[in-house]
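To start, the structure itself, in structure tokens.
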Amino acid sequence: MIALTDAFVNGETLCRFCAQEGILLSEAMIRREIAMGEMTRDEIWEEMRKNLLVMREAIRRGLEEHVESVSHLSGGEAMQLFRYAKYNPFSGPNTCRACASAMAVVEVNAAMGQIVAAPTAGASGILPGVLLECGIDRNWNDEQLIQGLFCAGAVGLLFAQNATISGAEGGCQAETGVGSAMAAAALVELSGGTPEQSLDASAMTIKNIMGLVCDPVAGLVECPCIKRNALGAANALLCADMTLCGITSLIPFDEVVAAMLAVGRDIRREYRETAMGGLATTPTGKAVAEKVHRFQEYQRTNHSR
Amino acid sequence: MESFSVFEIVGPRMTGPSSSHTAGAAKIALLARRIINRPIREVRFTLYGSFAETGRGHGTDKALVAGILGFAQDDPRIPNAYDYAKEQGVLVNVIMSDEPTRHPNTVKIEACGDDDSWTEVMGESIGGGNILITEIDGLAVELTGDYPTMIIRHHDQPGVIAEVSHVLAQMRVNIAFMRVFRHGRGEDAYMCIETDTEVTEGMQTIILQLCRSIRQLIVV
């Protein structure tokens with residue numbers, strides 16, 4: 001007999017708890033939140049609805065308005081990809097639109113718009129991009145989408161507790177990687193998959209990008225973050241499909257989480273959000289950083305009063 | 001590791017682009033505003049470490065201005081915070097410092113109230129939008145803003161802490177965390193009490209009148 005308080009120790013225990021109670025990951029997540037004692041079930045559900053609405057609005061804004069980041073480095077590419085989706089793209093129209101939606105959110109984020117961290121601001125596009133685009137495609141209603149967000153939360157929580165969801169600690173795999181893992185799990189649950197299958201899909205997304213470094217140009221959440229959210233969306237869709245057709249992960253979820261943490265710790269500091277390596281220190285990366293810095297100095301002299 | 005809420009994983013809702021450099025900065029300034037606790041006429045922000053290096057691109061300065069004006073971390077007005085400051089007649093100064101600090105994302109907030117006196121608050125953005133207020137007017141503290149918090153300035157003498165906690169017990173207010181700090185023996189001392197439920201105005205009046213050594217009570 002597993003108690004609710006022990007259910008989220010790791011993936012295996014959580015799956016056994018779900019089987020024991022006859023529930024899905026989303027319901028386990030909700031029960032744990034109720035047990036924390038701050039909110040009732042209805043309040044928790046409505047709080048998540050607020051997140052869904054902010055996600056939807058961020059996608060709409062990124063795809064319809066001309067957003068531009070504070071640094072002027074990014075904006076408008078999500079819209080470009082979304083429009084291209086109808087011209088027989090290699091990745092398929094649905095994947096193309098989900099990736100564009102993911103980019104839209106992170107472009108809005110860079111333009112100081114409203115977003116929902118999932119699990120972080122830098123990875124905020126993957127979960128809404130994938131979930132909302134597939135929702136349109138499959139006619140999922142808002143209650144189903146909210147269920148999906150709770151399922152995603154359960155997976156993210158396992159990573160937060162047993163590894164890390166911070167790029168400064170574990171590199172990009174901890175941010176966009178976990179974002180993909182969360183999204184894939186939600187797709188699987190909403191498609192009738194079991195908790196084990198959700199976690200298998202999550203495990204596969206992480207395996208695909210294990211060791212991905214965090215090397216933001218000029219230290220900003222723009223390049224390569226925006227396009228890595230697009231990749232994260234495609235990764236989530238693919239791993240959900242692999243799981244739903246019956247493919248399993250050779251390495252179990254909990255072992256993948258442990259490996260991700262170990263790899264994250266081995267990633268040198270230069271590649272963990274410090275902008276001291278990777279793309280950030282390429283000749284172009286450095287030139288862009290210098291330009292952004294000069295622009296900031298210019299703004300500073302004009303703003304300070 | 002500590003236990004997360006689902007809304008720390010799918011959430012928080014925030015104004016971009018960075019949970020530490022934007023949302024955290026707004027949270028620090030908002031908490032500082034509650035500590036300062038009077039209309040602000042002028043404010044000076046000194047940014048250190050990574051705040052100073054990449055702050056402008058992350059809108060850290062705008063988020064700080066927004067927080068000091070009372071806007072929350074998900075407020076859509078953050079990008080235009082300078083305009084709102086001008087409108088409200090709050091004088092803003094931002095200084096980028098290259099002095100080393102304990103934590104990479106640190107800010108010093110010096111604010112002048114309508115009474116012409118200055119208050120200095122030091123804050124750190126410790127990741128994922130979580131923050132810590134580490135200093136108030138030169139005194140080391142540790143405030144997260146996650147719980148209702150009461151800061152009591154009092155004269156350092158025996159029994160004061162016992163009296164305050166006794167009153168809270170009588171009012172059935174549970175203390176979640178409590179820390180005491182002082183400048184030196186027999187001098188100014190501070191109690192930082194984080195509680196599970198709000199300390200009402202009635203309770204505050206009672207605590208203030210408890211004994212003469214209690215000089216000031218701030219609810220954050």
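Note: hydrogens, waters and symmetry copies are ignored here, and every other heavy atom, side chains too, is used. Here is the naming used below: chain letters follow the sequence lines, and residue numbers restart at 1 for every chain.
Of the residues considered (Ala23(B), Gly57(B), Ala63(B)), Gly57(B) shows the highest number of contacts with chain A, using heavy-atom pairs under 4.5 Å. With chain B as the partner, the residue from Ala117(A), Gly153(A), Ala58(A), Ala152(A) showing the most heavy-atom pairs under 4.5 Å is Ala117(A). In terms of heavy-atom pairs under 4.5 Å with chain B, the best-connected choice from Asn109(A), Thr274(A), Val116(A) is Asn109(A). Taking chain A as the reference chain and counting heavy-atom pairs below 4.5 Å, the highest number among Pro104(B), Gly59(B), Pro76(B), Gly129(B) is found for Pro76(B).
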Pair Leu157(A)-Glu8(B), side chain to side chain contact (heavy atoms under 4.5 Å, CB included): steps then yes or no
CA-CA 9 Å; Leu157(A) 188 76; Glu8(B) 290 171 88; over 6 Å; no
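The neighbour count for Asp115(B) CG, taken as heavy atoms of other residues, nucleotides or ligands under 6.0 Å away, is above 12. Around atom CD of Glu38(A), no more than 12 heavy atoms belonging to other residues, nucleotides or ligands sit under 6.0 Å away. Under a cut-off of 6.0 angstrom, the local environment of NE2 in His293(A) is sparse, with at most 12 non-hydrogen atoms contributed by other residues, nucleotides or ligands. Sparse packing is recorded around OH of Tyr147(B), with 12 or fewer heavy atoms of other residues, nucleotides or ligands lying under 6.0 Å away. Heavy atoms from other residues, nucleotides or ligands lying under 6.0 Å from CZ of Arg38(B) number more than 12.
For Met182(A), the part lying near chain B is the side chain, with the backbone staying farther off; criterion is any non-hydrogen pair under 4.5 Å. Proximity to chain B involves both the backbone and the side chain of Ile44(A), based on heavy atoms less than 4.5 angstrom apart. Of the two parts of Val54(A), only the side chain, counted from C-beta on, holds a non-hydrogen atom closer than 4.5 Å to a non-hydrogen atom of chain B. For Ala218(A), the part lying near chain B is the backbone, with the side chain staying farther off; criterion is any non-hydrogen pair under 4.5 Å.
Side chain of Asn51(A) to backbone of Val10(B): a donor-acceptor contact under 3.5 angstrom is found. Side-chain N or O atoms of His58(B) include one that pairs as donor or acceptor with a backbone N or O of Gly219(A) at under 3.5 Å.
Taking CD of Glu273(A) as the start and OG1 of Thr54(B) as the end, the distance is 9.0 Å to the nearest 0.5 Å. For the atom pair Met36(A) CE and Phe7(B) CZ, the distance stands at 10.5 Å (nearest 0.5 Å). A distance of 6.5 Å separates CE of Met29(A) from OG of Ser5(B), quoted to the nearest 0.5 Å. How far CZ of Phe4(B) is from CD1 of Ile165(A): 5.5 Å, rounded to the nearest 0.5 Å. Note: Thr120(A) OG1 to Ile9(B) CD1 = 10.5 Å, rounded to the nearest 0.5 Å.
For the pair Glu47(A) and Arg13(B), the minimum side-chain heavy-atom distance is below 4.5 Å. In this structure, Arg56(B) and Phe295(A) have side chains that are not in contact, with every pair of non-hydrogen atoms separated by 4.5 Å or more. Contact of the Met14(B) side chain with the Gln114(A) side chain is not registered, since no non-hydrogen atoms from C-beta on lie closer than 4.5 Å.
Contact detail for Lys62(B) and Val70(A): the closest heavy-atom pair is NZ-CG1, 4.2 Å. The shortest non-hydrogen separation linking Pro17(B) to Ala121(A) is O-CB, 3.4 Å.
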